Amino acid sequence: MTTETKVWKVSAEAPSRESLVEAAALLRNGRTVAFPTETVYGLGADARNTEAVADIFAAKGRPSDNPLIVHIADRSQLEELVAPPEEAVLRLLDAFWPGPLTVVLPVKPGALSPLVTAGLSTVGLRMPGHPVALALIAASGCPIAAPSANRSGRPSPTTASHVLGDLTGRIAGIVDGGEAGVGLESTVVEFAGDALYILRPGGVTAGQLREALPGIPVIEPQAEHREPDAPRAPGMKYAHYAPRGTMVLVQGASDELVHACMQRELDEARARGERTGVLTYAEHADRFRADHIVPCGCLDALETVAHGLYASLREFDEAGVGFIAAEACPEEGLGAAIMNRLRKAAGGRILTV
């Protein structure tokens, strides 16, 4: 599967319709195009066109039982895609759309390609909060199915250059709108009974959801690494976000215990002849001995950790690191989403001290 991959540079602040005409036409005609959102870059195709959606799976090497999120540019598109949302859902949309929140809703029969829903009776919908994404979706006239624009299992892309590195020659085009903002994928939620369930933590925190829905229980996902048989949302099954080297995530009761354990693991890896790396935070970057140390944001500003996480994981690949010791972070607020991604990136290799 090879094709010429075109790149269009577009102003993130004020994308013009003219700059998006060619990319929108490709989407309308059943081709795949990567584009920026406020979370990460997505790989888009017309969600109604099964052949186009199949090209997403082929380009990514993604398992076909993993559902895709559908992106829309206007709430009026809900009517053609899903059953009428209940009042609590509409309150969520008022609070967080456009933005990094995906809501799983019952899909209308025949409204979307069955490849999008992976055989489920529901679909995850979101309206991205990035001007380029909204303008492109509107210009295409299509609901756009779009997982992250990377090879399956790799760290998600937050720049057009990340997309080029993974998918050049495999997709029709890339709209380069600069660096993504949040850096982590959207939060995915679903109502069941009288509660809201977080299927995947992301850019909207559990605390924000509770504020928007007072009196409605918000159920957070279990922290342990497990793979459901039938994933209800992207990122719930299979290893994700992983660097090429082996990564071990270390968590514990104190910084001292965590750092000592990380250093032991690093020393053992170096004794095996491996090139070593540390994923840590600015406050702790001087506490380790390793070949490549990456301070990923600041612990007292977890939004900086979220913003830089995937680029940091890709940095280890560029440095040829074979073993990575990663430091856990607190799981409050955005920390829940960061730890979810770190657990997936480590493939379940977690040490607790």
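Side chains included, hydrogens not; waters and symmetry mates left out as well; all remaining heavy atoms used. We number each residue from 1, following the sequence as shown. Everything numeric in this text was worked out from a predicted model, so none of it was measured.
- Side chain of T168 to main chain of L164: a donor-acceptor pair is present (N/O by atom type, distance under 3.5 Å, no hydrogens or angles).
- Between the side chain of R275 and the main chain of A319, a donor-acceptor pair closer than 3.5 Å is present.
- For F35 and Y41, the distance between ring centers is not under 6.0 angstrom.
- For the residue pair T39/R126, the side-chain donor-acceptor check at 3.5 Å is satisfied.
- Other residues, nucleotides and ligands contribute at most 12 non-hydrogen atoms within 6.0 Å of the CG atom of D194.
- In this structure, E274 does not pair ionically with R270, as no charged nitrogen and carboxylate oxygen lie closer than 4.0 Å.
- Look at R287 and E327 and you find no salt bridge, because none of the NZ, NE, NH1 or NH2 atoms lies under 4.0 Å from a carboxylate O.
- Listed for the R28 side chain is a donor-acceptor partner under 3.5 Å among the backbone atoms of A139.
- Under 4.0 Å is where a charged nitrogen must lie from a carboxylate oxygen, and between K9 and D176 at least one such pair does.
- Of the possible polar contacts, one joining the H307 side chain to the G181 backbone as a donor-acceptor pair under 3.5 Å is found.
- Residue-environment remark: CD (E51) stays at or below the threshold of 12 foreign heavy atoms within 6.0 Å.
- Remark: S121 OG to L105 CG distance equals 11.0 Å, nearest 0.5 Å.
- Under a cutoff of 6.0 Å and an axis angle of 45°, R272 and F323 form a cation-pi pair.
- A donor-acceptor pair is defined here as one N or O able to donate and one able to accept, closer than 3.5 Å; no such pair exists between the side chain of D74 and the backbone of Q77.
- Put simply, the side chain of K60 gets close to the backbone of N150: a donor and an acceptor are under 3.5 Å apart.
- Between atom CG of residue L26 and atom OG1 of residue T32 there is a gap of 8.5 Å, rounded to the nearest 0.5 Å.
- The number of heavy atoms from other shown groups lying within 6.0 Å of CZ (R289) does not exceed 12.
- With rounding to the nearest 0.5 angstrom, the CG atom of D267 is 8.5 Å from the OG1 atom of T276.
- Side-chain contact between L342 and Y241 is absent, with no heavy-atom pair separated by less than 4.5 Å.
- Other residues, nucleotides and ligands place more than 12 heavy atoms under 6.0 Å from the CD atom of E86.
- The two residues I174 and V163 come nearest to each other via the heavy atoms CD1-CG1, 3.6 Å.
- A single hydrophobic cluster is seen to contain both V294 and Y281, as judged by linkage of ILVMFWY side chains at heavy-atom distances under 4.5 Å, directly or through other members.
- Put simply, the side chain of E283 gets close to the backbone of L299: a donor and an acceptor are under 3.5 Å apart.
- In terms of heavy atoms, I137 sits closest to C142 at CG2-O, 3.6 Å.
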Side chains of residues 346-353: which donor-acceptor pairs under 3.5 Å do they make with residues two or more places apart or in other chains?
{"unit_1": "R349", "atom_1": "NE", "unit_2": "M247", "atom_2": "O", "d": "3.0"}
{"unit_1": "R349", "atom_1": "NE", "unit_2": "A346", "atom_2": "O", "d": "3.2"}
{"unit_1": "R349", "atom_1": "NH2", "unit_2": "A346", "atom_2": "O", "d": "3.2"}
{"unit_1": "T352", "atom_1": "OG1", "unit_2": "Q251", "atom_2": "NE2", "d": "3.0"}

Kindly indicate, with the supporting measurements, whether the criterion side-chain hydrogen bond (donor to acceptor under 3.5 Å, both in side chains) is fulfilled by T102 and S186. CA-CA 6 Å; T102 294; S186 62; 2.8 Å; yes
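- Between I219 atom CD1 and L199 atom CG the span is 11.5 Å, to the nearest 0.5 Å.
- Using a cut-off of 4.0 Å between Lys/Arg side-chain N and Asp/Glu carboxylate O, E331 and R343 are scored as salt-bridged.
- Under a 4.0 Å N-O distance rule, the pair R154/D317 qualifies as a salt bridge.
- R62 places no side-chain N or O within 3.5 Å of a backbone atom of I56 that could act as its donor or acceptor partner.
- If you take OG on S148 and CD on E185, they are separated by 5.5 Å, rounding to the nearest 0.5 Å.
- With respect to V103, the side-chain contact (heavy atoms from CB on, under 4.5 Å) criterion is satisfied by exactly one of V89, I69, L78: V89.
- In this structure, N340 contributes its side chain and A336 its backbone to no donor-acceptor pair below 3.5 Å.
- In terms of modelled atom types and a separation under 3.5 Å, the side chain of T5 and the main chain of G169 share a donor-acceptor contact.
- Residues meeting the ring-ring contact (aromatic ring centres under 6.0 Å, His included) test with F288, sequence neighbours left out: H259.
- A distance of 10.0 Å separates CG of L68 from CG of L112, quoted to the nearest 0.5 Å.
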